[in-house]
Novice: 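First the structure, which I've put down as structure tokens, then a few questions once you've had a look.
Every chain is numbered from 1 and lettered A, B, ... according to where its sequence line falls, protein lines coming before strand lines. Note: hydrogens, waters and symmetry copies are ignored here, and every other heavy atom, side chains too, is used.
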Number of protein chains: 2
Amino acid sequence: MGTPRAHRDGSDEAIDGAASDGVFDGLLTYRMRRAWLAVQADLAETLKPFDLRMITFSALVLVEANPRLSQASLARLMAVERPNLVMIVDELARRGLIERNRAPEDRRAYALDVTEAGRALCRDAMQAVRAQDARLFRGLDACERRAVEAAFATLRRSASP
Amino acid sequence: MGTPRAHRDGSDEAIDGAASDGVFDGLLTYRMRRAWLAVQADLAETLKPFDLRMITFSALVLVEANPRLSQASLARLMAVERPNLVMIVDELARRGLIERNRAPEDRRAYALDVTEAGRALCRDAMQAVRAQDARLFRGLDACERRAVEAAFATLRRSASP
DNA sequence: TATTGTTATACTCTATAACTATA
DNA sequence: TATAGTTATAGAGTATAACAATA
């Protein structure tokens, strides 16, 4: 629990995962990091049966929600660079989950659309993610949940100003 | 705000950062991700003046707190693989912040120790990180802070079981 | 046989420069 | 000239296999 100082010569039997936090005690940043790593791993596990990663899931959901979206728009929505989106869209298109249609009014751009298979997978995966989200945060009562939501919103705004 | 459905052909002037959350509304996982990305960027910025990354800062703090630590023990504490720690320790040693001393009782292992320069940098960087942490979470009152701490602890336990 | 530190390697994620074809 | 999609590339971060020295 406490800071594991002055243990003898490099052996670490007395230093387990919990004890290693000692030196970072009081830093909510580090507690948040640990919590996020666990949540992230859990989300990846939830998406694995659908053969989706976080980033392909996000892309699929956004294309489903925004018919005839261009890749550049999708990149802006996902806050990723356009080149990194190419392989993501490639993968979803190759699996028949979305289609790269040409935009008639701008022959440079694609108009991305979800297929029926994509819509079905999107629905099922989203349902699993929502269930997992509810499971993760079910330990919080209404007051705690409000506090956490407020904290997330505040952090997003107050960090990196 | 709401889900930006059925906008016309791929243009996204109406879809800014806030609107893009619409489809993920209700998912605390996604709100947490956004918040963590902001906090992470902020921490990196805080450490930049000290020429430290999150991972080198963590290593330095843990070596300072655990004299004569072996690299294998440090790797276990940081939950990174041993090979990935070599270059991290290389960097800290090259900068004269820690020393690779030989462990007399096990000639395979190093006994890592922080130097005076390392201790000073560790102190200054930790002070900056604590100040930044306080700034980030200053919006929370005592009750909210307790709720957030409890939530982080719960998430870390309940995720990936 | 197991462990420490190390090298080599690979895979993911992300970021930038530059090309093409359109606008 | 500016933008959309693409290619190539480079940098982090992280993971495994295998080796020499030592236990």
Novice: According to side chain to side chain donor-acceptor pair (under 3.5 Å), does anything in residues 48-63 of chain B pair up with another residue at least two apart or in another chain? List the pairs.
Specialist: Tyr30(A)-Ser58(B), Arg53(B)-Glu91(B)
Novice: Could you write nucleotides 15-23 of chain C as a row of B, S and -, 5' to 3', where a protein heavy atom under 4.0 Å of any base atom gives B, of only sugar-phosphate atoms gives S, and otherwise -?
Specialist: BBB---BBS
Novice: Can you tell me how far the CZ atom of Arg145(B) sits from the CG atom of Leu28(A), to the nearest 0.5 Å?
Specialist: 4.0 Å
Novice: Where is the tightest heavy-atom contact between Leu77(A) and Arg34(B), given as atom of each residue plus distance?
Specialist: O-NH2, 4.1 Å
Novice: Rounded to whole Å, please give me the gap between NZ in Lys48(B) and P in dA12(D).
Specialist: 12 Å
Novice: For the pair made of CG in Leu85(B) and C1' in dA8(C), what is the distance, rounded to whole Å?
Specialist: 17 Å
Novice: Within the structure, does a side-chain N or O atom of Arg76(A) lie under 4.0 Å from either OP1 or OP2 of dT3(D)?
Specialist: no
Novice: Give the nucleotide from the list dT6(D), dC13(C), dT14(C) with an atom nearest to the side chain of Ile55(A).
Specialist: dT14(C)
Novice: Check the distance between dG13(D)'s P and Gln40(A)'s CD and give it to me in whole angstrom.
Specialist: 14 Å
Novice: Taking only residues two or more places apart in sequence or in another chain, which ones pass side chain to side chain contact (heavy atoms under 4.5 Å, CB included) with Ala128(B)?
Specialist: Thr46(B), Phe50(B)
Novice: Give a yes/no on whether any side-chain N or O of Gln71(B) is located under 4.0 angstrom from OP1 or OP2 of dT6(C).
Specialist: yes
Novice: Can you measure Met87(A) atom CE to dA8(D) atom C1' for me and round it to whole angstrom units?
Specialist: 12 Å
Novice: Let me know the distance between CG of Leu112(B) and C1' of dG5(C), rounded to the nearest Å.
Specialist: 11 Å
Novice: Angle between ring planes, Phe152(B) versus Phe152(A), binned at 30° and 60°: parallel, tilted or perpendicular?
Specialist: parallel
Novice: Atom CG of Asp90(B) to atom P of dA12(D): distance rounded to whole Å?
Specialist: 15 Å
Novice: How close or far is atom P of dT4(C) from atom CG of Asn101(B), stated in whole angstroms?
Specialist: 18 Å
Novice: When we call it a touch if two heavy atoms are under 4.0 Å apart, what does Arg100(B) touch: a base, just sugar-phosphate, or nothing?
Specialist: sugar-phosphate
Novice: Between Gly96(B) and Ala117(B), what is the shortest heavy-atom contact and its length?
Specialist: O-CB, 4.0 Å
Novice: Mind listing the closest non-hydrogen atom pair of Asp25(B) and Arg130(A) along with its distance?
Specialist: O-NH1, 3.2 Å
Novice: Tell me the interatomic distance from Ile88(B), atom CD1, to dA15(D), atom C1', rounded to whole angstroms.
Specialist: 13 Å
